[in-house]
Structure formats: structure tokens, C-alpha cells
*Asks:* 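Mind having a look at this structure? Questions to follow.
All ligand and atom numbering here is 1-based and tracks the order in the structure.
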Amino acid sequence: MAKRTKKTVASDSGSLTFYIFLAIVLAIASALFFPKFAVSLSAGGEIFLRLLKMVVVPLVVTSVMCGIFGMGDVRKLGKPGAYTLLYFLLTAFTAVIIGIILVNVIKPGVGAFDAAALDTIRQAPETTQFMQRTGPGEKDIFTILNNLLLMLFTDNLFKSAVNMELLPLIFFSMVFAGLLTTLGKKVELLRDFVGQANEALMAFILLLMKVAPIGIFCLVAARFGKAQASGTFITVLKQTGWYSFTVVAGLAIHAIIVLPLVYWLFTKKNPYVFIYNMSQALLTAFSTASSTATLPVSIESAQVNAGVSKESTDFVLPLGATINMDGTALYEAAAAIFIAQSIGMHLDLMQQMIVAVTATLAAIGAAGIPEAGLVTMIIVLNAVGLPVEFIGLILSVDWLLDRFRTAVNVFGDCVGAAVVEKSILEAKRG
Ligand code: ASP
């Protein structure tokens, strides 16, 4: 077979990015003008989503294991591991602060709803259904930390795999791969098997990307079409306009200024070229609203298009997709303060700090699936004594904001992989 040059790979990837972008624009246009037709495409979107999710569990296990094999010894993981966690925490906290500053400056909730509107929202069937689904949520910070810690461990690997709980799978893969590196020749076959399975899965993702524009077209058309067909799309946007603007502006500042600055400081490379190289993953995140479903594309784009080393992407991206959610953290803090403003409850500086800390933790606990942030938001509301049923104020627009925050979540992971790459490669050499 003829060897593909770097140039053909780059131009292939450039045109694929263009087609995915076009697919999203056309999908939104057809949803606005032909909502019924758009909704009828939902099966196509669901098939694409399933194909992506199908590879996630084997991909995470083999990638994380390959990451450890690449390092040669699990004990070398200390420094890069600590840097990665520090990066996750600091960037999420920065995102939260941006959200809090913006929501205090723009004040989207002040005077947005009168007493009658608040009452209607409180008693709306959607709000009640949501509350029934989620339950009362954790009340104090120790329970939250306790639960976060427990999320790392499972009593049944297969159950976790079935439920796509990636954290225990990542933990097990690290420990197990670490053991394999100490057992030498006896387990060579097993190591080769994992490495080859990983290669094959990457090839599968490349194949999947060929149909991505069609899958993404269907996915986006069906969801936007659903909103348009119910006649609520424009009304919801008008009602929650300033709130949505605040969240999207915060996300934009984080993604276009803060993260690029961090990227440039650590790599001394042009961050906007990096954004372009990662755009397939970012557009997929926007379309699926799920970091987990996007993971195969993130790994592929980071390695093939952006040239981040396999050692780094294998280690940082699966973990990042599960616990690093800058966009979600920003949104949870902004939403909580928006709710407080809307019901006329003043939050002092101390309470806003509590919002900042709990929003960071709540984002870590959120799963990489659509609208998971809405569920962990209850933690933030509880922490400062905000009545949970007022989450109804933001329910209607969440499906849309979710797409923007998921794209930022994924971008934060990818910048992380580029930032800690050096320390991972140093650990490998040393
Ligand atoms: N949908 C987001 C994600 O998958 C999580 C959230 O709801 O904020 O990254």
C-alpha cells in the first residue's frame, strides 16, 4: 500500500473538519425550516452515537494500559500524575471564577422573573419529574468527597463496564498494567495483545470518522428539530437570553483566552493552530454533548492531527473525559448564582466561595454524558441553601448550553495532554 504522506493526512483531516462543520450548520438550518424532517433523522444520529460509545470501554482500558506500558514502570507516574491532577483542578477553578465574575457583572437573574413566573416554574411538571429522578442530593462537603473517592473503586469490573463508569476501569487498568510491567517475559503476549487491540481500535475510529459528517448532521438536526417542532426554541432563548449569554461568554473567555494562554506558556506553540487541529473533537463534543462519547475522536485528533504523543494522550484524555470538566464547573457556578439572583436571594462573598469550591467538586463528579452537570448542580444549590426546585429556571435551555460546555470540557482535556506531555516523556526517559 502506498505510504500516506503527512501532507495528505493533513488535507484529509482539513476537509473532514470542513464537512463536519458544514454538517452542523446545515443541520441547524434544516431544523429551523423543516423541523419535522429534521426530527425524522433521529435514528441516524443515534446510530452514530452508539458507534462512538461502543468503542469507549475497550478503548479506555487499552489506552490507559498502553500509556503505562509506554512509561515502562508505573512508579514513574508520580510526577506527571500529580501535574495532571493539578492542571485539572487549577483550570477548573479558574473557569469557575470566570463564571462567578461574569454572572455578578451581567446579573442575568436580577428582575428576570416575577413572582407568578417563579411559582409556575416551581410547580411545572418538568421540574417535578427532574426532582423525582435525581433525589435530594448530598448536603455536606464530606459526603461529597466521600462519594468522589468511592467512585474510583468498583466491586464488579463488568458492571462498571456495562454502565460505562470509566473511573474504576481507569484505576484498574493502571494498576493491572503496572503489574504487567514488572512480570517481564512471562506476560509478553498479554502486553502485545493489549497494544495490538489498541492499534485496531484506533483504526476503527478512523473508519468511523469517515461517516462522522452524516452522523453529526442527523444528531444535530434531530435535537434542534425537536426544540423547534415543540415551538419553544426561540421562546426559550428569549426567556433565558442573558443567562445563556453569560454562560457562553464565560465559556468563550476560558476557551479562547485562558486555555490558549496556558497552552502557549507550556508548549510555546501557537494555541490557535492547536484549536484548529482539535476541531473535529470539539465539533463532535458540541454535537454529542458527551465527553465520553467524544473520547475516541479526542484521542485520534490529538495524536494524528495535533501530534501530541501517544504516551500523553493515552494517560490524560481518558482521565480528563471523566473528571476534568472546566465548562461544567463554570456553568454550575454561574447557574447557581443566576438562580439566587432570580429568586432575590443575596449570596455574600463567603457563600460565593462555597459555590466556587462545590462547583469544582460537582464538576469532577459529573459523568461525561449529556446534561450530567444539571444533576450534580443539586450539590451546589444544597451547599448554599438554595431551593433545589428552582433548577426549573434553567432546565429548558440546558440541552443547548450543554453542547457548549462539553466542547470546553473536551478542549480542557486536550490542552492538558499537551501541557503535561513534557513531564510524561521525561518520566519515560528517566
Ligand atoms: N455533558 C457534559 C459532558 O459530557 C457534562 C455536563 O452535563 O456538563 O462533558
*Asks:* With a 6.0 Å cut-off (strictly less than), is the heavy-atom count around CD1 of I214, excluding the residue itself, greater than 12?
*Replies:* no
*Asks:* Would S63 and N198 count as having a side-chain donor-acceptor pair, cut-off 3.5 Å?
*Replies:* yes
*Asks:* Select all protein residues for which some heavy-atom-to-ligand 1 distance is less than 4.0 Å, and list them by chain and number.
*Replies:* A289, S290, S291, M325, T328, A367, G368, I369, P370, E371, A372, G373, D402, R405, T406, N409
*Asks:* Testing the 3.5 Å rule here: is there a donor-acceptor pair between the side chains of D398 and Y331?
*Replies:* yes
*Asks:* Rounded to the nearest 0.5 Å, what separation is found between the CD1 atom of I323 and the CD1 atom of I170?
*Replies:* 7.5 Å
*Asks:* To the nearest 0.5 angstrom, please state how far the CZ atom of F176 sits from the CE atom of M65.
*Replies:* 5.5 Å
*Asks:* Not counting sequence neighbours, which residues clear salt bridge (Lys or Arg N to Asp or Glu O under 4.0 Å) with K310? List them please.
*Replies:* D314
